[in-house]
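A short worksheet on the structure shown next.
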Amino acid sequence: MAGEAERRHEIHRALNAWFARQARELPWRGAPGEVEPWFVLVSEFMLQQTQVERVLPRFLEWVERWPHPSALAADAPGEAVRAWGRLGYPRRALWLHRAATEIAQDHGDIVPRDIETLLGLTGVGPYTARAVTAFAYGERHPVVDTNTRRVIARLVHGLAAAGPPRTGDLDDMAELLPERPEDARVFNAAAMELGAVVCTARAPRCGACPLAQWCEWRGAGYPDNAPARRPTQAAFAGSDRQVRGRIMALLRGATEPVPRSAAIAAAAEGGVRDEAQPVRALDSLVADGLLIEVDGDYRLP
DNA sequence: AACGCGGGGGT
DNA sequence: ACCCCAGCGTT
């Protein structure tokens, strides 16, 4: 119906205008041709579960040191892990190094452009594949991350929050996407930005929202109707993940292999939940390929 | 479908 | 203290 099409048009005009006015300047943003696809890929790996502010300095170091995939592939994977710093989930660094190797060897050192090929790269899933094709190459595809899912839940479905990921999320975004590829690219980025800085999970700033007048959730009076969330993640304090993190912090700072006893001691620093935790953490890091054991000592791969 | 995986920032 | 985060591969 014409009314619905007009509403979508007004929404995309308002959101893209807001983005042009308010968006943060980020080095991985820019029109296709202005930004290296490799830079987009690096940023997307780093941004998987890690906020923009923390990614920024590591990103700048990475792209200066490794300006294309083959440069990273030529270095040891452990150097990628070391340069990852405290971004968290260091296996992402391993995956990015592996993806760089795949791009260098199988794709002529060019980041693939189509979703299917991108999905074949290590560490590239449905979100990252679409983000790269849309932001690096300007292809008109819906890009839906956790921010966009929340924006759509509120704006379109009148819900306080997004539920578990659904395949319908992409369809919802496709419905809203402007026709012109360049408008669509900006709209994808703008929806994510809006969710990150205005339509936030905890305390949305609806007074600053360019879409407030079309928001179904707001129109309904902000009902407390959030769908059931997945069970909350176990506490970080005392977790195996925290203990693994202590070991990795030691190894990132070490230029020589570290004795097993030193790794175990670092793991236990600040307390452990049970006696077996340090050994369990160390063994799991080796199993994940984040550490290598040589003659009883440990080092980055 | 559920789980494990870092670490820091916001409330 | 608890929730949240530009997700992914494995089971």
Side-chain angles (χ1 to χ4, degrees), chain A residues 23-24 26-29 39-59 81 84-96 98-99 118-136 142-151 160-167 169-170 173 185 188-205 226 228-252 267 270 277 280-281 283-285 287-290:
Chain A
R24 299 169 289 185
L26 298 173
W28 50 84
R29 280 185 181 154
F39 291 14
V40 173
L41 187 67
V42 171
S43 75
E44 294 299 344
F45 268 79
M46 292 184 170
L47 288 162
Q48 291 168 6
Q49 297 284 278
T50 305
Q51 295 87 339
V52 166
E53 292 72 18
R54 295 179 52 210
V55 162
L56 210 37
R58 294 290 84 74
F59 169 84
V81 173
W84 198 251
R86 306 186 63 82
L87 287 181
Y89 294 148
R91 55 190 191 180
R92 289 182 293 166
L94 233 38
W95 291 343
L96 182 47
R98 201 168 303 154
L118 285 161
L119 285 172
L121 300 174
T122 300
V124 174
Y127 164 76
T128 303
R130 289 175 179 279
V132 170
T133 202
F135 297 139
V143 180
V144 177
D145 75 331
T146 186
N147 290 305
T148 298
R149 295 196 327 105
R150 182 175 53 255
V151 169
R166 306 175 299 113
T167 53
D169 294 336
L170 281 175
M173 190 59 175
R185 181 186 69 80
N188 277 315
M192 292 167 58
E193 179 85 354
L194 188 75
V197 304
V198 173
C199 194
T200 51
R202 193 63 77 84
R205 302 162 53 201
R229 291 181 299 98
R230 53 180 272 189
T232 61
Q233 178 176 277
F236 179 60
S239 66
D240 282 9
R241 283 185 306 175
Q242 183 182 38
V243 174
R244 285 165 54 107
R246 291 172 187 156
I247 298 173
M248 290 307 296
L250 172 67
L251 269 293
R252 281 197 306 270
Q277 204 170 18
R280 189 167 66 239
D283 289 347
S284 71
L285 289 170
D288 289 349
L290 284 164

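Chain A is the first sequence line, chain B the second, and so forth, proteins listed ahead of strands; every chain is numbered from 1.
When distances run from any side-chain atom of A:Pro90 to the nucleotides B:dG6, C:dC4, C:dA6, the shortest one goes to B:dG6.
Straight-line distance from the CD atom of A:Gln48 to the C1' atom of B:dG6: 13 Å, rounded to whole Å. Atom CZ of A:Phe236 and atom C1' of B:dC5 are 10 Å apart (whole Å). Rounded to an integer number of Å, the gap from A:Arg92 CZ to C:dA6 C1' is 10 Å. Atom CD in A:Glu53 sits roughly 18 Å away from atom P in C:dC4 (whole-Å rounding). Whole-Å rounding puts the A:Leu41 CG to C:dC8 P distance at 11 Å. Rounded to whole angstrom, the span from the CZ atom of A:Arg252 across to the C1' atom of B:dG7 amounts to 10 Å. For A:Leu251 and B:dG6, the CG to P distance is 13 Å, given to the nearest whole Å. Across the protein-nucleic acid pair, A:Asp240 atom CG and B:dG6 atom P stand 10 Å apart, rounded to whole Å.
At distances below 3.5 Å, at least one donor-acceptor pair connects side-chain atoms of A:Asp145 with backbone N or O atoms of A:Asn147. Side chain of A:Trp95 to main chain of A:Ala99: no donor-acceptor pair is present (N/O by atom type, distance under 3.5 Å, no hydrogens or angles). Looking at A:Arg205, its side chain does come within 3.5 Å of a backbone N or O of A:Val197 through a donor-acceptor pair. Checking side-chain atoms of A:Arg58 against main-chain N and O of A:Met46 turns up no donor-acceptor pair under 3.5 Å.
Among the atoms of the strands shown, none is found under 4.0 Å from any heavy atom of A:Ala131. Within the 4.0 angstrom heavy-atom criterion, no nucleotide atom of any strand lies near A:Trp84. Heavy atoms of A:Arg86 sit under 4.0 angstrom from primed sugar atoms or phosphate atoms, though from no base atom.
Remark: A:Arg149 engages A:Val144, A:Ala162, A:Pro165, A:Asp169 in a side chain to side chain contact (heavy atoms under 4.5 Å, CB included) (not counting sequence neighbours). Every residue was checked against the side chain to side chain donor-acceptor pair (under 3.5 Å) condition with A:Arg252, not counting sequence neighbours, and none meets it.
Counting heavy atoms from C-beta outward, A:Trp28 and A:Leu47 have side chains that approach closer than 4.5 Å.
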Could you go over nucleotides 9-11 of chain B and give all protein N or O partners under 3.5 Å, atom names and distances?
residue	atom	partner	partner atom	Å
B:dG10	N2	A:Arg202	NH2	3.3

Distances under 3.5 Å between protein N/O atoms and the N/O atoms of nucleotides 9-11 of chain C, please, pair by pair.
residue	atom	partner	partner atom	Å
C:dG9	OP1	A:Gly123	N	3.0

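When every heavy atom of A:Arg24 is checked against every heavy atom of A:Ala196, the shortest pair comes out as NH2-CB, 3.9 Å. A:Ser284 and A:Ala281 make their closest contact through OG-O, 2.8 Å (heavy atoms, listed as atom of the first residue, atom of the second, distance). The two residues A:Ala228 and A:Pro164 have their closest heavy-atom pair at O-CD, 3.8 Å.
For the P atoms, the distance linking C:dT10 with B:dG6 amounts to 15 Å, nearest Å. C:dA6 and B:dC3 have their P atoms separated by 23 Å, given to the nearest Å.
Note that CD of A:Gln242 is 5.0 Å distant from CZ of A:Phe236, once rounded to the nearest 0.5 Å. For the atom pair CZ (A:Arg91) and CG (A:Leu290), the distance works out to 8.5 Å, reported to the nearest 0.5 Å.
Between the side chain of A:Thr146 and the base of C:dG7, no donor-acceptor pair of N or O atoms lies under 3.5 Å.
Side-chain nitrogen and oxygen atoms of A:Thr128 include at least one within less than 4.0 Å of the OP1 or OP2 phosphate oxygen of C:dC8. Regarding contacts with the backbone of C:dC5, a side-chain N or O of A:Arg150 is found under 4.0 angstrom from either OP1 or OP2. Contact between the side-chain N/O atoms of A:Arg244 and the OP1/OP2 oxygens of B:dG6 is found at a separation under 4.0 Å.
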May I have the list of side-chain donor-acceptor pairs in residues 124-134 of chain A shorter than 3.5 Å, sequence neighbours left out?
residue	atom	partner	partner atom	Å
A:Tyr127	OH	A:Glu44	OE1	2.9
A:Thr128	OG1	A:Gln48	NE2	2.9
A:Thr133	OG1	A:Arg113	O	2.5

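Where pairing requires Watson-Crick or G-U contacts shorter than 3.5 Å, the helical stems of DNA chain B with at least three consecutive pairs are B:1-5 with C:7-11, B:7-11 with C:1-5.
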